[in-house]
Every structure is written in C-alpha cells, then in structure tokens.
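Nothing here was measured: the structure is a model prediction, and the numbers come from that model. Atoms within a ligand are numbered from 1 in the order they appear, just like the ligands themselves. Just so you know, these numbers use all the heavy atoms, side chains as well, and skip hydrogens, waters and symmetry mates.
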Amino acid sequence: DRIKSELKRELTRHSIERGKDQEIIQQNLKKSIEKLFKQTKYDLVTTIKNSKHKPYTVIFFGINGAGKTTSIAKVAAKLKQSHISCILVAADTWRSAAIAQLEQQGNKIGIKVIKHQYGSDPTAVAYDGVKYAEAHNIDAVLIDTAGRQHNNLNLVQQMEKIVRVIKPNLKIFVGESTTGNDCIEQAKKFDEVVGIDAIILSKADIDERGGAAISISYVIDKPIIYLGMGQKVDDLKEFKKEEIIQSLGL
Ligand code: GDP
C-alpha cells in the first residue's frame with residue numbers, strides 16, 4: 001500500500017513524456033522501495049569492537065524453527081573470525097533439545113556454551129553467562145532464548161524478565177524470510193514485548209527475491225543486519241538493500 005500511494009503521488013506530479021512511461025515508472029518504483037528500508041546500517045563487528053560495554057550482550061528472539069540457533073552459531077563464527085571472543089548461553093531451557101543443539105553448534109565452532117539444566121530459570125543462566133564473561137575477559141555474550149509464542153503468558157513474562165535483568169546491549173529478532181507475513185507479525189509481537197533493535201532474516205537462500213525483507217524492514221522500522229544463506233556456519237551475509245532491489249529487476 002505504501003509503495004502504491006507513493007508511486008501514485010510521484011507519477012501524477014509531472015507529465016510523462018510519451019514512450020518514457022515504463023522507464024519513469026521503474027525509476028519511481030525503485031525510489032519508493034529504497035525508501036522503505038531503514039537507513040541505518042548496522043555493523044555488528046565494528047559495534048562490538050568500539051563498544052564500551054564488556055562483555056557486549058546480544059540476545060536472540062524468534063519462534064522455534066526460525067533458524068535462531070543456527071544464526072547464533074553463524075554470528076559467533078563471524079565474531080571469532082574478527083578476533084572478538086564470545087560465549088554462547090543456552091537460555092532456552094524450555095525445550096530439552098535446545099540446550100543440546102546449542103552445545104553442538106558451540107562444539108562445531110569451538111566456542112564455549114554456558115548452560116543449566118532443562119527447566120531452569122532462563123534469566124539465571126543468562127546472568128551466569130554474563131558473570132562468566134566478566135571473569136574471563138570475554139568480549140561478547142550471545143544468548144539463545146526459547147521460541148516464544150506471544151500468547152503464552154509464562155514465556156512472555158520470562159522474556160520480559162531476562163531483558164529487565166540482563167539489559168542486553170542488542171536484541172535481535174530472527175525471522176524466517178520464507179514465511180512472509182507470518183514473519184512480520186511475529187516481529188511486531190516480539191517488538192511489542194521486548195523492543196527489538198535489529199533483524200536477522202534466515203533462509204534467505206530459499207526466498208531469493210527478498211519480499212519479506214522489504215516488508216519487515218518497513219513495518220517494524222529496524223535495520224536488517226544479516227541474511228542467513230544456508231545451513232552452514234559461514235552462510236551468513238551482510239544485508240544490502242541494493243542487492244534486494246537488484247533481485248527485483250529494478
Ligand atoms: P531454531 O529452532 O530457531 O533454533 O532453529 P534452527 O536454528 O534449529 O533451524 C531450524 C532449521 O532451519 C534447521 O534445519 C537449520 O539447519 C535450518 N536453517 C537455519 N538457517 C537457515 C538458512 O539460512 N538457510 C537454510 N536453508 N536453512 C536454515
């Protein structure tokens with residue numbers, strides 16, 4: 001709707017030379033889409049390197065299966081490559097498999113995982129993670145959380161508590177780009193509860209045209225920092241709006 005109204009305004013503002021209509025429409029369409037993206041570029045590596053906060057805490061939210069654990073491992077591998085030390089925290093104590101899965105990812109990339117038992121208080125695990133990082137001079141803490149359903153009150157309360165106590169430096173929403181409008185609705189709900197700072201869109205290798213990227217960025221008005229481009233730890237790409245616009249043939 002936003003694209004349509006903007007196009008209409010632009011196209012009715014001046015008269016269009018005969019034969020130039022297609023070119024002008026394309027140019028204006030490109031401009032309208034460009035404007036939908038949050039302008040601020042977010043470079044996580046530089047942000048952590050320049051931050052006064054040590055450890056720099058990043059917490060990841062998103063529903064089960066969205067690619068949260070995989071994305072955390074990808075970000076951790078990227079930080080490691082950039083000589084930023086980090087640990088992972090298994091604060092998804094809701095699903096027994098989640099702790100094991102994060103541990104597996106940590107082992108794969110050679111990064112320590114802080115965990116408690118299944119069913120324990122997620123905030124307590126996150127707190128331990130931060131204390132461990134402080135004691136060991138670690139640069140960053142990446143915290144996994146349970147895949148919340150926004151209508152589950154208990155989980156929502158836990159999510160609010162972890163943010164209130166830990167006061168993370170960055171709250172990332174991980175959404176699956178292939179789910180289109182669902183992904184946008186989820187992002188809105190998470191934003192309402194915890195206040196999202198940035199987005200990682202996973203499975204962008206499946207949704208190559210990037211429709212979800214355009215809508216999500218506009219609707220929740222937060223920068224997309226990375227695109228997940230596959231299942232391997234190095235399948236993480238910095239988000240560039242120019243590439244999305246190009247993939248639309250504009
Ligand atoms: P979580 O439940 O949110 O932690 O989701 P997982 O990280 O376990 O991911 C769910 C599934 O999606 C796994 O099979 C992952 O390998 C897969 N996956 C995650 N990210 C990507 C991606 O960027 N591209 C593709 N093709 N698959 C992905």
Ion pair check, Lys188 and Asp191, cut-off under 4.0 Å: no
Flag if over 12 foreign heavy atoms under 6.0 Å of CG, Asn107: yes
Proximal ligand 1 atoms for Gly65, defined as those under 4.0 Å from one of its heavy atoms: 1 (P), 2 (O), 3 (O), 5 (O), 10 (C)
Intermediate values then yes/no, side-chain hydrogen bond (donor to acceptor under 3.5 Å, both in side chains), Thr179 and Asp182: CA-CA 6 Å; Thr179 57; Asp182 274 355; 5.6 Å; no
Full working for salt bridge (charged side-chain N to carboxylate O under 4.0 Å, His left out) between Glu243 and Lys237: CA-CA 11 Å; Glu243 286 179 9; Lys237 198 164 105 173; 3.1 Å; yes
Distance from atom 3 (O) of ligand 1 to nearest protein heavy atom, with residue and atom: Lys68 N, 2.7 Å
Closest approach of any protein heavy atom to atom 6 (P) of ligand 1, naming residue and atom: Thr70 OG1, 3.5 Å
Passing option when Glu10 is tested against Asn28, Ile24, Ile25 for side chain to side chain contact (heavy atoms under 4.5 Å, CB included): Asn28
Crowding at NZ, Lys74 (>12 non-hydrogen neighbours, <6.0 Å): yes
Met229 neighbourhood, listing ligand 1 atoms whose heavy-atom distance to it stays under 4.0 Å: 23 (O)
Any N/O pair Lys74/ligand 1 closer than 3.5 Å: yes
Protein residue, atom and distance nearest to atom 5 (O) of ligand 1, heavy-atom basis: Gly67 N, 3.1 Å
Proximity winner for atom 24 (N) of ligand 1, if only heavy atoms of Asp235, Asp205, Ile63 are counted: Asp205
Ligand 1 contact by Gly230, heavy-atom criterion under 4.0 angstrom: yes
Numbered atoms of ligand 1 (with element) below 4.0 Å of Ile206, judged on heavy atoms: 26 (N)
Basic-acidic side-chain contact under 4.0 Å: Glu134, Lys54: no
Nearest-0.5 Å distance, CD1 of residue Ile216 to CD1 of residue Ile199: 4.5 Å
Criterion side-chain hydrogen bond (donor to acceptor under 3.5 Å, both in side chains) on Ser85 and Asp139, from CA distance to verdict: CA-CA 5 Å; Ser85 57; Asp139 298 321; 3.1 Å; yes
For Gly228, atoms of ligand 1 separated by under 4.0 Å from a heavy atom: 23 (O)
Atom 11 (C) of ligand 1 - nearest protein heavy atom and its distance: Lys203 NZ, 3.9 Å
Under 4.0 Å to a heavy atom of Asn64 - the qualifying atoms of ligand 1, by number: 2 (O)
Atom indices of ligand 1, in the order listed, that fall short of 4.0 Å to a heavy atom of Thr69: 1 (P), 4 (O), 7 (O)
Taking atom 17 (C) of ligand 1 as the reference point, the nearest protein heavy atom with its distance: Gln231 NE2, 3.7 Å
Taking atom 8 (O) of ligand 1 as the reference point, the nearest protein heavy atom with its distance: Gln101 NE2, 2.5 Å
Separation of Ile200 CD1 from Glu176 CD (nearest 0.5 Å): 14.0 Å
